[in-house]
Participant: 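Next up is a structure, given as structure tokens.
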Amino acid sequence: MGGWMGKVLEINLSSGETKTSPLDMEMARLFIGGRGLGARLLWDEVGPGVDPLSPENVLIFTNGALTGTGYQTSNRFSVSTKSPLTGTVLDANSGGYWGMQFKRTGYDALIVRGKAVRPVYIEIKPDGVQILDASHLWGKRVRETTSLLGQNNNKRNVLCIGPAGENLSCMAAIMNDGQRSAARGGPGAVMGSKNLKAIVVEGNERPEIIDQEMFKFMLYEARKLLKASPLTSQALPEFGTSVMLHIVNTIGALPTRNHRQSQFEHAEDISGEALTEKFLVKNDHCWACPIGCTRITKTDKVEGEGPEFETTWAFGAQCGINDLAAIIEANALCNDLGFDTISAGSTIACAMELSELGLLDSDLRFGRADLLAPTLEAMAQRQDIGAELADGSLRLASRCGRPELSMNVKGMELPAYDPRGMQGQGLLYATSNRGGCHMRGNMLGLEVLGLPKLIDRFQVQGKSVFVILHQNASAAIDSLVLCKFTNMGVGDEYFARTLSAVTGIKYATGDLIRTGERIYNLERLYNLREGFTRADDTLPKRLLEEPVVDGPSKGWVSQLEPMLKEYYRTRGWDESGVPKPAKLKGLSLADMTEVA
Amino acid sequence: MIDERIYQQFCEIGRDLYEGGMISSHGGNLSIRLGDRVIIKRRGAQLGRLKMHDLIETGLEKNDSGVALASTELVVHRAIYMNTPALAVVHCHPRTAIAFSLSRDELVPIDNEASYLLKKIPVVTEEFASGSPEMARKVAEALAQYKIIMLRGHGSFAIGQTLDEAFHWSSTLEESCQIELAAKIINEPFIEYRGMTKDYSKW
């Protein structure tokens with residue numbers, strides 16, 4: 001068996017039982033691993049109407065068929081669950097070392113069910129699986145917890161939650177290797193609801209590679225392509241992901257002050273260039289990654305990883321803040337408390353607007369960098385104003401009577417690209433299965449960077465086909481599980497051939513993309529089963545009705561409706577956004593037709 | 001109604017194909033996929049001189065009146081879209097590549113650019129090499145594994161997310177074949193400059 005380890009570990013925290021079962025290989029062939037396998041297992045595990053923070057919800061940790069093989073960026077793992085933030089299907093994935101080490105334990109997936117009566121952590125080692133007391137760790141922050149549990153990058157890796165997860169914030173992240181995060185949608189709160197503080201992995205197994213010669217050639221070609229791409233060989237290593245900030249701002253697509261504007265006048269101050277010049281200590285990288293986009297930065301108060309572009313935007317432009325040191329410190333705090341930085345930053349931005357309008361009693365105002373850290377601390381503990389913000393911008397804005405001031409899709413805060421200046425990105429957000437997210441496919445490549453070739457960012461007709469292709473490709477990459485930056489240099493055909501070499505199963509490029517399509521449709525079915533409808537495939541009113549006031553995107557709103565109609569037709573869904581039986585049959589999802 | 005921006009893309013690539021010597025006056029064709037619709041060049045239209053009415057929209061799977069006007073290669077383009085993730089197809093007649101296709105079952109580039117981008121280009125044989133269902137099936141099957149293929153003695157079919165991308169593969173192939181032809185004329189031993197050279201033929 002190439003790529004897969006062939007085993008699933010099941011742990012019930014209510015009963016303390018652990019069990020190993022064989023991986024369903026037909027399921028593996030159809031869904032690969034990571035996000036795909038997680039979605040398929042979740043379909044059976046968590047039925048409609050389950051409270052995400054109840055013991056009936058599960059956490060499914062998965063690696064992919066390429067994880068741990070040594071292929072470029074094959075370090076990642078995925079976690080699937082029902083999201084407490086959105087109520088949708090959720091997966092979040094993360095890099096670092098933990099995913100690689102998890103693969104070495106000999107498992108393709110770990111399913112955690114139930115709820116422990118007191119705080120515990122799980123330890124998976126070659127000599128067995130244990131559920132251990134974590135009373136001494138409860139209440140501790142991420143860095144300290146990781147250190148106390150003996151993090152050692154190549155031998156023993158720690159995944160845990162911080163106070164945000166313990167206190168069930170719907171924006172809580174699962175953190176691994178100290179400062180990496182599977183963050184979006186609140187998986188950390190699900191972990192907290194189970195009284196599960198951490199999972200520690202140590203392993204000594206390796207995945208088999210069936211066609212070693214071809215695999216070596218694929219490694220060689222990927223290395224060549226990643227070196228040749230200026231993005232992966234120069235821009236990301238030199239400036240980190242924040243290299244995008246200037247680019248997105250220049251075209252008038254950088255949401256600013258809770259999306260009231262699309263360009264930030266102080267972008268220069270928070271750019272990747274400024275980060276490198278003033279705060280960079282050194283670069284770092286995840287296991288088996290030749291790109292090395294990780295920043296180790298330092299201010300007078302903190303030193304650590306980050307911030308990423310999205311984080312810099314969320315605490316920067318979105319909050320009207322140009323104090324890069326304060327942004328770095330907010331990022332470090334989020335990592336230590338265990339928060340999703342995009343949702344945390346955008347929720348604070350929403351609170352700033354509500355406060356300025358007199359709808360929320362707080363001192364928060366756009367530009368108040370001094371309030372970032374105390375607000376995050378309060379959010380993690382659910383104290384004072386933090387109690388209002390702890391569960392995200394939609395709940396906050398709804399309580400204040402203005403839900404439309406939450407910049408979200410399906411309850412998840414939008415990331416750093418304004419759909420008014422990137423029409424395809426708006427359609428992508430609206431139809432994202434986990435809510436407003438740029439990692440379910442991203443039109444940045446096509447609409448801005450020219451990857452593989454530049455298309456007109458304002459074009460509406462024909463845009464859906466690009467969005468669908470990229471959503472499907474993203475689902476496939478998330479199932480391998482690889483870093484999305486790899487495909488800024490390496491195309492889908494390379495991934496398909498590498499998967500074939502590793503597993504011995506022939507995947508043409510179209511097979512891989514079709515796998516992504518299968519996953520996307522399954523996730524859609526999950527959301528339909530939960531009661532989501534066409535009405536949820538939308539954008540904030542501001543982006544649909546308030547034209548951009550100035551800059552290169554001046555006068556534009558999102559032209560969502562015609563794109564959405566074309567999208568449903570192209571997907572093989574009916575006018576209500578429900579996959580047609582013929583489509584499901586063609587994707588080997590015929591068993592799920594009763595939902596449709 | 002076809003968007004003006006889409007028409008412009010067809011015009012630019014069509015003109016470049018003609019001026020680059022990749023097609024004769026009325027040869028070749030272009031198409032893009034728009035969901036469950038296809039936009040393709042009108043039968044007999046000149047790619048180098050496209051008018052808006054030369055773009056025909058028809059169904060991807062279902063026929064409508066558009067098929068009466070569409071390129072004779074519509075069946076091939078449809079098969080490609082049904083069997084691959086392609087969103088655009090460029091079919092042209094690159095002369096040097098066609099000449100090499102007459103004696104080879106695959107083209108393995110010797111130059112850096114095409115080695116980097118294409119690795120290997122399979123050659124497909126079909127007796128009825130123009131608009132037949134047999135040809136459509138063979139071309140679509142080959143394009144499931146490769147982004148550009150040669151139909152022996154006829155021309156190339158390239159796929160991409162955009163016309164621009166598929167044109168890129170087409171022009172890279174022809175350039176590579178011209179380089180190989182020139183190298184044959186020079187007729188001196190090669191000095192290998194690539195790593196893992198033998199593996200390209202396994203692609």
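The chains referred to below are lettered A, B, ... by the order of the sequence lines, with proteins before strands, and numbering in each begins at 1. The structure displayed is predicted, hence computed values, not measured ones.
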Participant: Hey, which of L451(A), L446(A), I455(A) is the one that makes side chain to side chain contact (heavy atoms under 4.5 Å, CB included) with Q161(B)?
Facilitator: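 Exactly one candidate clears the test, L446(A).
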Participant: Does any N or O in the side chain of Y220(A) come within less than 3.5 Å of the main-chain N or O of M196(B), such that one atom is a donor and the other an acceptor?
Facilitator: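 Pair absent, no side-chain N/O of Y220(A) close to backbone of M196(B).
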Participant: Less than 4.5 Å apart, side chain to side chain, heavy atoms only: is that true for K119(B) and E493(A)?
Facilitator: no
Participant: What are the two closest heavy atoms between G462(A) and L34(B), and how far apart are they?
Facilitator: CA-CD2, 3.0 Å
Participant: Would you find more than 12 non-hydrogen atoms of other residues, nucleotides or ligands less than 6.0 Å from Y18(B) atom OH?
Facilitator: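 It does not: Y18(B) OH has 12 such atoms or fewer within range.
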Participant: Measure the CG-CZ distance between L469(A) and R33(B) for me, rounded to the nearest 0.5 Å.
Facilitator: 9.5 Å
Participant: Around K565(A), counting heavy atoms of other residues, nucleotides and ligands shown, do more than 12 lie under 6.0 Å from its NZ?
Facilitator: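 No, because the 6.0 Å sphere around NZ of K565(A) holds 12 heavy atoms or fewer from other groups.
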Participant: Which value, rounded to the nearest 0.5 Å, describes the distance between M214(A) atom CE and W203(B) atom CH2?
Facilitator: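 If we round to the nearest 0.5 Å, M214(A):CE and W203(B):CH2 are 7.5 Å apart.
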Participant: Where is the tightest heavy-atom contact between I6(B) and Q459(A), given as atom of each residue plus distance?
Facilitator: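 The answer is CG1-NE2, 3.8 Å.
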Participant: Between D164(B) and K453(A), what is the shortest heavy-atom contact and its length?
Facilitator: OD2-CD, 3.3 Å
Participant: Determine the minimum heavy-atom distance between Y116(B) and Y494(A), stating which atoms define it.
Facilitator: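 Heavy atoms of Y116(B) and Y494(A) come nearest at O-OH, 3.6 Å.
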Participant: Where does T509(A) contact chain B at under 4.5 Å (heavy atoms): side chain, backbone, both or neither?
Facilitator: both
Participant: Drop me the distance from T84(B)'s OG1 to R514(A)'s CZ, to the nearest 0.5 angstrom.
Facilitator: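 Between T84(B) OG1 and R514(A) CZ, I get 10.5 Å after rounding to 0.5 Å.
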Participant: Within residues 498-508 of chain A, which positions have a heavy-atom distance to chain B below 4.5 Å?
Facilitator: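 Only K506(A), A508(A) of residues 498-508 of chain A have a heavy atom under 4.5 Å from chain B.
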Participant: Can you tell me if E192(B) has over 12 outside heavy atoms packed within less than 6.0 Å of its CD?
Facilitator: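 Yes - once you tally the heavy atoms of other residues, nucleotides and ligands closer than 6.0 Å, there are more than 12.
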Participant: Mind running side-chain contact (heavy atoms from CB on, under 4.5 Å) on Y200(B) and E221(A) for me, showing each step along the way?
Facilitator: CA-CA 10 Å; Y200(B) 287 113; E221(A) 284 299 305; 3.2 Å; yes
Participant: Would you find more than 12 non-hydrogen atoms of other residues, nucleotides or ligands less than 6.0 Å from R49(B) atom CZ?
Facilitator: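 Open: at most 12 neighbouring heavy atoms sit under 6.0 Å from CZ of R49(B).
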Participant: Could you check whether any side-chain N or O of R497(A) sits under 3.5 Å from a backbone N or O of Q145(B), counting only pairs where one atom can act as donor and the other as acceptor?
Facilitator: yes
